[in-house]
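Reckoned from all heavy atoms, side chains included, excluding hydrogens, waters and symmetry mates. Residue numbering restarts at 1 for every chain, and letters A, B, ... go by the order of the sequence lines.
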Amino acid sequence: GQQLNQSPQSMFIQEGEDVSMNCTSSSIFNTWLWYKQDPGEGPVLLIALYKAGELTSNGRLTAQFGITRKDSFLNISASIPSDVGIYFCAGLRGNNNDMRFGAGTRLTVKP
Amino acid sequence: GAGVSQTPSNKVTEKGKYVELRCDPISGHTALYWYRQSLGQGPEFLIYFQGTGAADDSGLPNDRFFAVRPEGSVSTLKIQRTERGDSAVYLCASSRTGTAYNEQFFGPGTRLTVL
């Protein structure tokens, strides 16, 4: 089952607004990842975080690896219609195969 | 394209039947992963191959599920005596290696429906 608690479950926002979503866990992770999934497609990696406290940006996306290594957040600034989709956090404890996903945040952007 | 491909894209079967799902990883990627994604959930790990061998099959739910990768490239996920609860999207991913973090590239998935 899911070991990561991701919130919110869904968001309905107006184009141009900023968005924030987060992920928490009772377990420590060594790597935090954020993915986006469009309908009928597999998840696509947006940002990877490797160190506690790390803050990383990718265009309008910013993500942080929490100091406790048990949480992470993703911010999207100035949302646009193509940001619509489901965003997943994922954590890796050690080897590449031990990846756990959150349940996802479904984002809807109204033009 | 050079991405991960999966066939079929959709599979409808009857309870009790046997199904095979195929994954073609990115050329040169030695690590291959299978995940299952139920409606409204994130992907859940099933099995991981490093080369031809299953390095970790701890996510397979029971012995009706089996996967092979005989030549270290294409992989087949096999499900025997399918049950309605097996209905889900089965995702395959590959990465350059499986040791330490390497980006996993996902295929589009196979949507399995068991009637």
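- Residue contact with chain A, scored on non-hydrogen atoms closer than 4.5 Å, is absent for Gln6(B).
- Neither the backbone nor the side chain of Ile86(A) comes within contact range of chain B; no heavy atom of the residue lies under 4.5 Å from a heavy atom of that chain.
- In Gln9(A), the CD atom is not crowded: 12 or fewer heavy atoms of neighbouring residues, nucleotides or ligands sit closer than 6.0 Å.
- Leu46(A) and Val84(A) fall within the same hydrophobic cluster, defined by Ile, Leu, Val, Met, Phe, Trp and Tyr side-chain heavy atoms under 4.5 Å apart, directly or through other members.
- Open room surrounds CD on Glu14(B); 12 or fewer heavy atoms of other groups in view lie less than 6.0 Å from it.
- Leu91(B) approaches Pro43(A) most closely through the heavy-atom pair CD1-CD, 3.9 Å.
- Between atom CE of residue Met99(A) and atom OH of residue Tyr33(B) there is a gap of 7.5 Å, rounded to the nearest 0.5 Å.
- Neither the backbone nor the side chain of Gln6(A) comes within contact range of chain B; no heavy atom of the residue lies under 4.5 Å from a heavy atom of that chain.
- The neighbour count for Phe73(A) CZ, taken as heavy atoms of other residues, nucleotides or ligands under 6.0 Å away, is above 12.
- Here the closest heavy-atom approach between residue Tyr35(A) and residue Gln104(B) is recorded as OH-O, 4.1 Å.
- Few gaps surround CG on Leu115(B); more than 12 heavy atoms of other groups in view lie less than 6.0 Å from it.
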